[in-house]
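See structure below.
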Amino acid sequence: MAKNSLLVPQASAALDRLKFEVASELGIQFSQDGYNGDLTTYNAGKIGGSITRRLVEIAEQSLGGAQTFR
């Protein structure tokens, strides 16, 4: 299985902040000890989907609001 890697390794901290921000907005709590193995697949999907949606919005804004092809 291939491991995902960031194109810009310095973006890791920003993505972590985004992950915690999105989870907080969705009312999903992460474990304080760093272990989140009990996070449901449904909640993980909600977090990942919301992050993807937000990253697409950020990219569209940086392109001047250009519409993407669908």
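Along the sequence shown, the residues carry numbers beginning at 1. All figures in this text were calculated on a predicted structure; none of them were measured in a lab.
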Q. Less than 4.5 Å apart, any side-chain heavy atom of D16 and any of S12?
A. yes
Q. Under the 3.5 angstrom rule, does the side chain of T52 hit a backbone N or O of G48 as a donor-acceptor pair?
A. yes
Q: Applying side chain to side chain contact (heavy atoms under 4.5 Å, CB included), run through I28 and V22 and close with a yes or a no.
A: CA-CA 9 Å; I28 301 168; V22 167; over 6 Å; no
**Q.** Sidechain N-carboxylate O distance under 4.0 Å for K46, E25
**A.** no
Q: Measure the spacing between OH of Y42 and CD1 of I47 and express it to the nearest 0.5 Å.
A: 11.5 Å
Q) Looking only at atom types and distance, does a side-chain atom of N36 sit under 3.5 Å from a main-chain N or O of F30, one as donor and one as acceptor? A) no
Q) How far apart are the C-alpha atoms of E57 and R53, what are their side-chain angles, what is the distance that settles it, and do they pass the side chain to side chain contact (heavy atoms under 4.5 Å, CB included) test? A) CA-CA 6 Å; E57 288 172 1; R53 193 173 305 111; 4.1 Å; yes
**Q.** Minimum heavy-atom distance between I51 and K19, given as atom pair plus value
**A.** CD1-CA, 3.7 Å
Q. Of I58, L63, V56, which meets side-chain contact (heavy atoms from CB on, under 4.5 Å) against E60?
A. V56
Q) Does the S62 side chain pair with the main chain of A59, one donor and one acceptor, at a distance under 3.5 Å? A) yes
Q) Is the closest side-chain heavy-atom distance between L26 and N43 below 4.5 Å? A) no
Q: First locate atom OG of S31, then atom CG of L39, and finally report the distance between them rounded to the nearest 0.5 Å.
A: 10.5 Å
